[in-house]
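See structure below.
Along the sequence shown, residues carry numbers from 1. These numbers come from a predicted model, not from an experiment.
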Amino acid sequence: MGRYRIRVATGASLFSGSHNRVQLWLVGARGEAELELQLQPARGQEEEFDRDVSEDLGPLHFVKLRKHRSLEEEFDRDVSEDLGPLHFVKLRKHHSLVDDAWFCDRITVQGPGACAEAAFPCYRWVQGEGVLSLPEGTARLAGDNALDMFQKHREKELKERQQIYRWATWKEGLPLTIAAGTKDDLPPNMRFHEEKRRDFEWTMKAGALEMVLKRVYTFLSSWDRLEDFDQIFWGQKSALAEKVHQRWQDDEFFGYQFLNGANPMLLRRSTSLPSRLVLPTGMEELRAQLEKELENSSLFEADFILLDGIPANVIRGEKQYLAAPLIMLKMEPNGKLLPMVIQIQPPNPSSPTPPLFLPSDPPLAWLLAKSWVRNSDFQLHQLQYHLLNTHLVAEVIAVATMRCLPGLHPVFKLLIPHIRYTMEINTRARTQLISEGGIFDKAVSTGGGGHVQLVRQAMAQLTYCSLCPPDDLADRGLLGIPSALYAHDALRLWEIIARYVEGIVHLFYHRDDTVRGDPELQAWCREITEVGLCQAQDRGFPVSFQSQNQLCHFLTMCVFTCTGQHAAINQGQLDWYAWVPNAPCTMRMPPPTTKEDVTMATVMGSLPDVRQACLQMTITWHLGRRQPDMVPLGHHKEKYFSSPKAKAVLNQFQTDLENLEKEITARNEQLDLPYEYLKPSHIENSVTI
């Protein structure tokens, strides 16, 4: 005989509770007992029960759940009118997630005597009337299962998950995705919670209304001066967006964005003058200046050659235009990055040598050349560095994790907080943003199919090293530059995540041969590289893990990609894209071939029209804003690990993040343009938007 205290915690989101009754069993090493209780879980509540069990169950291994539909319910209701004698009762049966499902957070059980409390994490929807077995939450490797019941549970769980989480090809040559044509096809545990869904959809509607109001406001107005963009520059915008509005034409401000703007991923230090930079006769002085900067290691470049040959969109019957610019910049001793020369298009044997645009050119010609660079940066930022390198890579990690790692695996427990909502936001992107007739087709110069071709070409160049800041920044020559704030913060954050990952890994993998001998871990690695990333081993991605260090590096990349890198790439949209001339989503006239003929009419005829500009402002605000249910990095409430040592590692991670927060805050107080995208409090714990 022993007394057990059971606590059942229900999720706090809307509709997490259930009107159905839940039945519980305790399964121990020496026996199993059905508890004489049937609870009706209430949203956000933890219910506690004491029950006596007549037999000695031994150490607890599982809690089993079964949810029953209520067959009989009694209600009292007031009716305002006299119905007379009753002839019929009409019934309607509802089958839906809202009505029936229960979101169980966790169950804890305190056994008799001095037994330690056992935790049984769930954090999922309980649906239907089948029996769900929750194993005790101590993380275990496959070879650590002394009891056959744990091994059978792992195998059964993975078999079921591989039926639920299936791969699909959205477009040939792109990473594989979750098999879901729409958000409604997704597994319930990958769906937005109700508050998130309502916010996402209502914000889209509010943005659409604001867009209509701006169109009405400008209906009878002129659209032939840069100042006319002020007519739509109202509504939701950030303080930094206002600074962009004021200073976007400054060369210093233009150069700053390559280091710390929405896309700090393209700039690299030059080691030679690019072969595509053809300097015609009469530009000997420019060549001398470039060679001097090169000799001083202060010459930088951003080459948008990936855009060369990408077909441009046709919007509402009007052809749009793309370019593949090259820009050379110099870094001054004070850390300012200034443009020296812009080549809007690469040389083509069948065309005249493309002109080079200089800061000394007529102001409108130089401004238009910079606008072409900013338009090209918009395309690569959104499609290569945002969509591919964060969203699609994170989805591959998420699907592979659900298919290959059981809930007891320590790597599953490490990664599961960092894949929250990723499958749904990506599915929504494929059906609303980059789909046929979606936002890209309506407003972006790479839309209409060019965007898919661009991502396909970027995928062919995606390397493992490019996703790891220590390698990527070293390759691009950006280490040790005081004004490179993204680079500094990314390295600091990478170090902190790496310590966290190492702390968890070393609790479970004591030697390299333990890593090599973990079949679930090795299958997960192959699933990512060979399946999800379509045979990416020739680009440096591993197909197996041979050591603790190799595993730690890969896991650090996974967590950093799903958190810090996405934050750095996503949040800047809110600041740098709200003032549309600073980052035009499309260009409506071909690139200039002469400088003297550029007029204000040329500039305004090239930049987005009112409809396109309004759509850009609405979408980038919607996607760049802080999410109301945002979970900061490392501060997830779910307790997947139950051991004190693992909890101590997470606590140290949170302390390290708090210290980084203080460092960045103190530094930013001294800056005219604070860089906040990698402040830990601004980094979401997963790709959710």
Side-chain angles (χ1 to χ4, degrees), residues 247-261 263-264 266-308 321-377 380 476-478 481 483-484 582 587 589-599 602-603 606:
R247 298 170 54 183
W248 70 284
Q249 297 188 48
D250 297 348
D251 284 358
E252 176 188 339
F253 205 73
F254 174 82
Y256 173 90
Q257 295 180 64
F258 288 99
L259 287 171
N260 307 311
N263 181 24
L266 196 63
L267 184 74
R268 61 174 54 245
R269 194 188 300 265
S270 301
T271 55
S272 62
L273 292 184
S275 59
R276 65 170 279 188
L277 184 65
V278 179
L279 296 171
T281 304
M283 287 201 168
E284 290 75 17
E285 184 179 349
L286 174 61
R287 177 181 292 278
Q289 291 173 351
L290 291 169
E291 291 176 345
K292 178 183 176 183
E293 299 296 338
L294 184 63
E295 185 180 340
N296 294 334
S297 296
S298 54
L299 185 65
F300 293 79
E301 64 192 71
D303 193 345
F304 297 86
I305 195 63
L306 196 65
L307 285 162
D308 191 32
Y321 294 89
L322 286 167
L326 168 71
I327 178 168
M328 308 300 297
L329 309 100
K330 64 178 179 180
M331 181 161 289
E332 299 195 327
N334 60 8
K336 293 179 181 179
L337 192 65
L338 299 176
M340 297 180 70
V341 58
I342 293 173
Q343 181 193 65
I344 298 180
Q345 291 283 42
N348 186 325
S350 61
S351 303
T353 301
L356 300 180
F357 291 81
L358 308 172
S360 57
D361 287 339
L364 287 178
W366 178 236
L367 180 64
L368 184 57
K370 290 192 294 182
S371 295
W372 273 102
V373 171
R374 299 297 304 134
N375 166 260
S376 301
D377 198 50
L380 293 193
R476 294 195 285 133
L478 299 185
I481 300 174
S483 57
N582 182 65
M587 298 295 271
M589 292 179 66
T593 55
T594 63
K595 305 176 184 182
E596 294 73 20
D597 297 335
V598 175
T599 64
T602 315
V603 173
S606 298

Just verifying a value: how many Å separate [X] [atom1] and [Y] [atom2], rounded to the nearest 0.5 Å?
| X | Y | atom1 | atom2 | answer |
| --- | --- | --- | --- | --- |
| T353 | Q343 | OG1 | CD | 9.5 Å |
| I344 | L326 | CD1 | CG | 11.5 Å |
| L329 | L290 | CG | CG | 10.5 Å |
| L337 | N260 | CG | CG | 9.5 Å |
| L364 | T602 | CG | OG1 | 8.0 Å |

Backbone of K330 reached by a side-chain donor or acceptor of K336 within 3.5 Å: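 The answer is no, because no donor-acceptor pair under 3.5 Å joins these two groups.
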E285 side chain to M283 backbone, donor-acceptor under 3.5 Å: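 Absent.
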Side chain to side chain contact (heavy atoms under 4.5 Å, CB included) between L478 and F300, worked out: CA-CA 10 Å; L478 299 185; F300 293 79; 3.7 Å; yes
Evaluation steps, side chain to side chain contact (heavy atoms under 4.5 Å, CB included), between L279 and V341: CA-CA 10 Å; L279 296 171; V341 58; 5.6 Å; no
Using every non-hydrogen atom in the two residues, find where [X] and [Y] come nearest and quote the distance to one decimal.
| X | Y | answer |
| --- | --- | --- |
| P347 | V278 | CG-CG2, 3.7 Å |
| L299 | M328 | CD2-CE, 3.7 Å |
| K595 | L356 | NZ-O, 2.6 Å |
| M587 | W372 | CB-CH2, 3.4 Å |
| S376 | P325 | OG-CD, 3.1 Å |
| E332 | L338 | OE2-CD1, 3.2 Å |

R287: partners by side-chain hydrogen bond (donor to acceptor under 3.5 Å, both in side chains), with sequence neighbours left out: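 In terms of side-chain hydrogen bond (donor to acceptor under 3.5 Å, both in side chains), with neighbours along the sequence ignored, R287 is linked to no residue.
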Show me the donor-acceptor pairs, under 3.5 Å and distance only, between side chains in residues 301-308 and residues at least two apart or in other chains.
from : atom 1 : to   : atom 2 : distance (Å)
E301 : OE1    : S270 : OG     : 2.7
D303 : OD1    : R276 : NH1    : 2.7
D303 : OD1    : I305 : N      : 3.1

Residues which pass ring pair (Phe, Tyr, Trp, His ring centres under 6.0 Å) with F258, listed by chain and number, not counting sequence neighbours: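 Partners of F258 by the ring pair (Phe, Tyr, Trp, His ring centres under 6.0 Å) criterion, ordered by chain and then number, come out as F254.
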Residues that F253 engages under ring pair (Phe, Tyr, Trp, His ring centres under 6.0 Å), provided they are two or more places apart: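 Expected list: W576.
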For V598, the option from P592, S606, P362 that meets side chain to side chain contact (heavy atoms under 4.5 Å, CB included):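 Only match with V598 under side chain to side chain contact (heavy atoms under 4.5 Å, CB included): P592.
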Side chain to side chain contact (heavy atoms under 4.5 Å, CB included) assessment of M331 paired with L259: CA-CA 11 Å; M331 181 161 289; L259 287 171; 3.9 Å; yes
Side chain to side chain contact (heavy atoms under 4.5 Å, CB included) evaluation trace for F357 with I327: CA-CA 9 Å; F357 291 81; I327 178 168; over 6 Å; no
Sequence-distant partners of T594, side chain to side chain contact (heavy atoms under 4.5 Å, CB included), two or more places apart: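 Counting only residues at least two positions away or on another chain, T594 forms a side chain to side chain contact (heavy atoms under 4.5 Å, CB included) with E596, D597.
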Listed once per pair and sorted, the salt bridge (Lys or Arg N to Asp or Glu O under 4.0 Å) pairs that draw on residues 362-374, sequence neighbours left out: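 Pairs touching residues 362-374 that pass the test: D251-K370, R374-D377.
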